[in-house]
Each structure stands twice: as structure tokens, then as C-alpha cells.
Number of protein chains: 2
Amino acid sequence: MKMTYTIEQLKDYLKRHDIKPSTIRIKVLEYLLNNRIHPTADDIYQYLIGEIPTLSKTSVYNTLELFMEKGVVNALSLKEKELRYDINTYFHGHLKCEICGNVYDFPVSEEIINVEELKGFVIRNVDINVYGICKKCNEKNKEV
Amino acid sequence: MKMTYTIEQLKDYLKRHDIKPSTIRIKVLEYLLNNRIHPTADDIYQYLIGEIPTLSKTSVYNTLELFMEKGVVNALSLKEKELRYDINTYFHGHLKCEICGNVYDFPVSEEIINVEELKGFVIRNVDINVYGICKKCNEKNKEV
DNA sequence: TTTAATTTTGTATTAATTTCAATTTTATTA
DNA sequence: TAATAAAATTGAAATTAATACAAAATTAAA
Ligand SMILES: [Mn+2]
Ligand SMILES: [Mn+2]
Ligand SMILES: [Zn+2]
Ligand SMILES: [Zn+2]
């Protein structure tokens, strides 16, 4: 894991989002910022248990719940059992490769929701999820 | 429930999708065609148990699984616990009202996925999910 | 320090979905 | 038609991500 943030930066990030910094919250934030792979709660737990041996999974869930309330992360509801979490809250779409399981970002125009049928709706959130095969896996397939 | 399909029509619908028609499959299909509310497996079960008292929930799941394989329905993975099922497999978006819980359709241009970043990807499926407040609930709110 | 507030933990619970073997129904063959 | 094979359905148990919640630990305030 590339270490690109100081503890002070992480603390400030949390404070700016109205979150009191605790060890666990700082570590979860650090993980999310340094691993932009749309991890599941378990991904985060499995990594952090190596750093905080007393960590409970409930704490990871609590932290992510708080992060969601404060707008630090978005949850991705893809066609899979577990939720994934995204520290990038800027409007964008997701592609899940059904071969390798990776979830990639791609840009989406906000124009999508400018349709007559949505006039009168209050839009709080938009999720664009694409399922298919990523470039890498596609090229690997051709070789065979 | 409006009854708009004859048993023969329902049987043909299944046959055209390479599905052997059984009583349960016909009933589930009929429910889906007549109740375009994006129901959950439990919605379907709760209604059909009144018509088929011996029905098991597993059969509803089995049927929906088969329907998905054969392209009769799509599953909607919204930000909620249960999956919903949609007999309308034509490309369109969904809006979930966070007040009344209803899920509405809206048209989406397929242009969305024509972005440079998706070149090289094989796209199998696109989900557009919007969360907010529907017109009805919004107007009800204003009154208060 | 003492007390109060907050955070973290661990266990139990929930609930949608899946698994799978047994049973029932339907189709095929003799 | 009866016997047999194949397919569909059932029901109970297992799975598992997420939640509830009270006790314990940590941190902040008085
Ligand atoms: Mn993302
Ligand atoms: Mn729909
Ligand atoms: Zn891939
Ligand atoms: Zn509504």
C-alpha cells in the first residue's frame, strides 16, 4: 500500500467532514484513500486486522456507516452479495468485470437525468452500474 | 390484478424463451406481466400462495433464476436488502422513491456508455438507478 | 481524580438467499 | 395401461452479510 497521507492530513480530512478522528476511523480512511478498488467491509477488515489486532468487524461497519452519513463514502450496490465502498464521491459510473471481479470507474455526463419523465422528482443519488468484461480479461480471452 | 393474458399466451411466451411451461412458471409469469411494480421474490410468493397453497418459496426463487438465465426477467440491485425483478428487459432506468418505496421506470439514452473509457470493454448489462422522492410524495410534502 | 460521554468490542440475531435430498408430478417407453 | 425415467417442486437446513445491543474500554470534561 502506497502511503501518501500523513496522520495530520487524515485527521483534517475527517474533521472537515464533521467526524471526530479516532484510530480506527483514521486507519479506515487511510485504507480507502490508498486503495481505490471499491473494497468491501471485509476487504477493509482483513487488511486492518493486521494493523489493529483487536479490531472488530462491527467497528468497520460502524465506521463505514458514519462515513456514509457524513458524505465521506458512497456505497455501491452491485449485483453481488456484499456492498462496496467508494471514497470517490464525485459523480461517476462503475463497470464490474464479471471475469476478474474488479470494479472500474468511468465518466458519466450528468445529462442522463435531464429527461422529461424525471421532472418533479427530487433526485438525491444516481448509480450507473455496467457489467461485462474488462479490456484486460477480454484480450486474455482472445489469446486462447 | 388485471387479467390480460390467456394461458395459451403465457405458455407461448415461455416457449419462445425456451422454457417448459409448468403451472408455477405460468403463474409467476402472469404475475410479473400484470404487476409491473418490480416485485421482490416475496411479493410474488405472498400473492401466489393464495392461488397455489402448496407453493414453496424455493420454487419462486428457482423460477426467477430460470427466468433470468433465459432472459425473461432482469434483477434490480437497488440499495435495499431484497432483489426486485423486472419483466421489462428493454433498456431503461429506475427511480426508487425513498418515501413511498415505489420503483418507477424512466427512459435512458444508450449514449451513456459511448465513452472513450469503455472502449475495449464488452458490455453485457447496464443499470441506471436513481434515488430520491417521487412527484406524488413531493407534492404531499408541500401541503404540510 | 472522578464522572460523563464516546468509541469499540463481541455475541447474538436477523433475514434474504442457497443448497440439497426427498417427494411429487410429468413425460417416455415397453 | 403399467413401469420407468426425467423433470419439477418442496421443505428443512445451511449460509452469510449486515444489524442490534449491551458490556467493556477509551477519551474527554468537570
Ligand atoms: Mn468509483
Ligand atoms: Mn423497470
Ligand atoms: Zn476483468
Ligand atoms: Zn414516493
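Quick note on labels: first sequence line is chain A, next is B, and so on, each numbered from 1.
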Exercise. Can you measure from OG1 (A:Thr54) to CD1 (A:Ile24) and round to the nearest 0.5 angstrom?
Key: 6.5 Å
Exercise. Please state how far atom CG in B:Asn62 lies from atom P in C:dT23, giving the value in whole angstrom units.
Key: 18 Å
Quiz item: Rounded to whole angstroms, how far apart are CG on A:Leu83 and P on C:dA15?
Solution: 17 Å
Quiz item: D:dT10 phosphate, OP1 or OP2: any side-chain N/O from B:Ser59 under 4.0 angstrom?
Solution: yes
Quiz prompt | Nearest-angstrom distance from the residue atom CD1 of B:Ile44 to P of C:dA16 | solution = 14 Å
Self-check item: Nearest-angstrom distance from the residue atom CD of B:Glu65 to C1' of D:dA8
Solution: 15 Å
Quiz item: Of all the choices, C:dT17, C:dG10, D:dT10, which nucleotide is nearest to the side chain of A:Thr58 once you look at every atom?
Solution: C:dG10
Quiz item: With a 4.0 Å cut-off on heavy atoms, is A:Thr54 in touch with a base, just the backbone sugar-phosphate, or nothing at all?
Solution: sugar-phosphate
Practice problem: Give me the ring orientation class for A:Tyr13 and A:His17: parallel if the planes are under 30° apart, tilted from 30 to 60°, perpendicular past 60°. | Solution: parallel
Quiz item: Between A:Ser56 and C:dT9, does any side-chain N or O lie under 4.0 Å from OP1 or OP2?
Solution: yes
Exercise. For D:dA7, take OP1 and OP2 only and decide whether either is under 4.0 Å from a side-chain N or O of B:Ser22.
Key: no
Quiz item: In whole angstroms, how far is the P atom of C:dT17 from the CG atom of B:Leu76?
Solution: 12 Å
Quiz prompt | Nearest-Å distance for atom pair NZ/P, residues B:Lys57 and D:dT15 | solution = 20 Å
Quiz item: Can B:Asp105 and B:Arg36 be counted as an ion pair, charged N to O under 4.0 angstrom?
Solution: no
Quiz prompt | Euclidean distance, atom CD1 of residue B:Ile52 to atom P of C:dT24 [Å, nearest integer] | solution = 18 Å
